[in-house]
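Per chain, numbering begins at 1; letters A, B, ... match sequence-line order.
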2 protein chains.
Amino acid sequence: MGSPGRVGIKDVARLAHVSQGTVSNVLNHPDRVSQARREAVEQAIETLGFVRHEAARHLRAGHSSTVGLLLLDAWNPGFIDVARGVEDMTSARGLAVMISNSGRDIEREKTYLRLFSEGRVAGLIVVPHDEFADGLHRIRAGGVPVVVVDRAETGEHRMSVAVNDVAGGELAARHLIGLGHRHLAFVGDEGAAKPVHDRLTGVRKAVAETRTEANVEIRLDVLPADLTADAGRTVGEQLAAMPPGERPTAVTAAIDLLAFGVLQALLQHGLRVPEHMSLVGYDDIPFTRQLSVPLTTIRRPHYDMGTTAAEMLATTLSGKPPQPRHVVFEPELVVRDSTSRPSKPSRRKPR
Amino acid sequence: MGSPGRVGIKDVARLAHVSQGTVSNVLNHPDRVSQARREAVEQAIETLGFVRHEAARHLRAGHSSTVGLLLLDAWNPGFIDVARGVEDMTSARGLAVMISNSGRDIEREKTYLRLFSEGRVAGLIVVPHDEFADGLHRIRAGGVPVVVVDRAETGEHRMSVAVNDVAGGELAARHLIGLGHRHLAFVGDEGAAKPVHDRLTGVRKAVAETRTEANVEIRLDVLPADLTADAGRTVGEQLAAMPPGERPTAVTAAIDLLAFGVLQALLQHGLRVPEHMSLVGYDDIPFTRQLSVPLTTIRRPHYDMGTTAAEMLATTLSGKPPQPRHVVFEPELVVRDSTSRPSKPSRRKPR
DNA sequence: GCACACTCTTGAAACGTGTCAAGAGAGTTG
DNA sequence: CAACTCTCTTGACACGTTTCAAGAGTGTGC
């Protein structure tokens, strides 16, 4: 009935024979209003189909009660789990979340950041691209609390939730080295996002420490690739095309999605995993266990990262300083079927 | 510098020695302002770090320029593609999208719908749950254009984008029947969402028509299951436990995710796909081709559904009536490796 | 019957912007 | 120089809420 969009608090007041102030009190401080009036007002609201005008409340309040979530790349299932964690926690705390997705496009990221500023969101959770400190800096200067996810930060006035990806890279590499592999490859763009960089650092660290401690020389190749399954497929083909002596016996991928592609290409070219090549992913996204060869991978607690970030933000918004301000999760090695001891191509040829 | 949250148009006006109206014109109608003043104002905006107050503009304008996208289930990769389509199209048209995700929870769906109403979004794209016509009805009555996705509607004052899932069910069943299967099973909850119901209807139609036209009797079992990979795994175990004579020779799943689970369980129990059992998915989500057995499935154009819905909405918002108001996409059979002719258990036992 | 306490209610002000009618200048024409 | 046109600029108002000081009403105690 009627057009709810045009019904205001004063229409309700008129119908219920009370003042605007009373209607407002019914909505925001019901205890201050006598039962009789409250019921009259509620009746009038129902009759008119009145809907609060969020913008007006917001204008009066000076800030909204919405929290922004800016995702780097919503197609990556890992980040969806982050979003799920954020949503579950904020909805439990009575906050609304506005999600947007930059799709690894730095321009869009800026646009959305501006939108969030203009919308005067109460707080912001960001899974950021790399070089965009300036945008974040500005919004922080405006007094909006920001939690950065997947990038370790420090400082009394900042908040962050991250994963120790150096340790993750180490886990992956040590697992392979422990199985006897001496020729490794890391698939992923070295110049890409910080987390990817860290994983490679971890792998290098493991390689270097093996050299010093056990006096075993490990060869490590870095195969650059975008962070998509398609790019993985290309790398897989490169690997398949190498002469067996030159080919690494084990591959660590920067993210599971990449490993998916590598796996697919290897199998297509007749190479068996793990017999001819061991493969380690990274993230443990839900599909990892359902692949043709369930993937050994490094698990990151995406959902918990989301809830943790949301909780920090909610605590800040309620006025208390969150404790701690920086959380770093430790990743975990999950061994499935894609890794094994290397075959010995010198003695027994794989056909 | 300073706190941008507290800088208003009048501070800018004071610094630039102009009136508020002129600042507003610089922001909204730059052509009405002389170059000299414009530059002074722009300078002042820069100096003060002024950020427009969205809520105030919104209040003045009466409606926001944000579009709401309410997703039924953002964990399903298919819906993520819908979101991607919506985002790409709306951002090309200069609209901002606010995404929220009900996670198949009808209470959350209502909450978000209320939030969108209160936020006076310019328009809404909804992938709805089933029984919640009332909420949508109210918001439509308020004059907010709504596009419903994945549910065919009719009527001059409505808009919808859907897929002919009856045809999709038929495609799947005819493919299997054509291969020679005479005992089929449909996995999915009959009482679930409309699209699932339609798929089953399509399967039944194909079965019935085969009976009338070719006089061939097809047996069809319906195995209820939630729409998750886990539920699929349970069904797969049930199937594996059946005596071979009782077991259907081919299975159609309501969605790919379910088929993933079924596949995994079957393989784990030593049944081969497609030799011992053919399997058809539904959706063609990106991981489908990377499974241990790449899945034959019914492709739905999720991304295009998103762009189409967004375009309809954008057209409506720009004042023109969209043409047409209801779009139904036809699904497509994608044959991969999970389907083949049935083995003949009566003559040759599977070992 | 007066003072006081207490509970509800009221009406106006303020939040920051966009709009619009009216006005100020500057230039042009007769 | 007056009359007119045209381009910019101005300042007040409205949008729909919440808040808050002040007022109205109702008991209660002496």
Side-chain angles (χ1 to χ4, degrees), chain A residues 3-42 44-45 48-66 115 117-122 142-143, chain B residues 3-42 44-45 48-66 115 117-122 142-143:
Chain A
S3 86
R6 296 273 152 246
V7 175
I9 226 175
K10 76 177 65 161
D11 301 294
V12 175
R14 198 178 310 127
L15 183 61
H17 303 291
V18 296
S19 71
Q20 294 181 35
T22 299
V23 176
S24 176
N25 279 334
V26 169
L27 293 168
N28 302 293
H29 309 280
D31 51 304
R32 293 187 193 161
V33 182
S34 67
Q35 195 184 347
R37 310 257 178 177
R38 187 169 58 221
E39 280 169 5
V41 169
E42 281 165 354
I45 286 176
L48 295 172
F50 165 77
V51 175
R52 286 168 156 191
H53 198 307
E54 165 59 23
R57 324 180 60 195
H58 175 170
L59 174 59
R60 188 56 175 73
H63 65 94
S64 89
S65 58
T66 303
L115 234 49
S117 307
E118 293 183 358
R120 301 292 195 279
V121 289
Chain B
S3 87
R6 297 272 151 248
V7 176
I9 227 176
K10 78 177 63 162
D11 302 294
V12 174
R14 197 178 311 129
L15 183 61
H17 303 291
V18 295
S19 73
Q20 295 180 35
T22 300
V23 177
S24 177
N25 278 335
V26 169
L27 293 169
N28 302 296
H29 309 280
D31 50 304
R32 293 188 193 161
V33 182
S34 68
Q35 193 183 348
R37 310 259 178 174
R38 188 168 58 223
E39 281 167 4
V41 170
E42 280 163 354
I45 286 176
L48 295 172
F50 165 78
V51 175
R52 286 169 157 196
H53 198 305
E54 165 59 21
R57 322 182 62 199
H58 176 171
L59 175 60
R60 185 63 176 77
H63 65 94
S64 90
S65 59
T66 303
L115 234 49
S117 306
E118 292 183 358
R120 301 292 195 278
V121 289

Is there a donor on the side chain of Arg60(A) or the base of dT18(D) sitting less than 3.5 Å from an acceptor on the other? yes
Tell me: CD1 of Ile45(B) to C1' of dG16(C), nearest whole Å? 14 Å
Gln20(A) CD to dA12(C) P, in whole Å, measures 10 Å
If you compare every side-chain N and O of Arg32(B) against the phosphate oxygens of dC8(D) (OP1, OP2), does one of them come in below 4.0 Å? no
Less than 4.0 angstrom between a side-chain N/O of His29(A) and OP1 or OP2 of dC8(C), yes or no? no
So, OP1 or OP2 of dT9(D): does either fall under 4.0 Å of a side-chain N or O from Arg37(B)? yes
Calculate, to the nearest 0.5 Å, the distance between atoms CG and CZ belonging to Leu27(B) and Phe50(B) respectively. 5.5 Å
How long is the straight-line distance from CD1 of Ile45(A) back to CG of Leu48(A), given to the nearest 0.5 Å? 9.0 Å
Just how far, in rounded Å, is C1' of dT18(D) from NE2 of His53(A)? 15 Å
Just how far, in rounded Å, is P of dC15(D) from NZ of Lys10(A)? 6 Å
Between NE2 of His58(A) and P of dG16(C) the distance, given in whole Å, is 10 Å
Can you tell me if the side-chain N/O atoms of Ser24(B) get under 4.0 Å from OP1 or OP2 in dT17(C)? no
Grab the CD1-C1' distance between Ile9(A) and dA12(C) for me, whole Å please. 15 Å
Given dT9(D), is OP1 or OP2 found less than 4.0 Å from the side-chain N or O atoms of Ser34(B)? yes
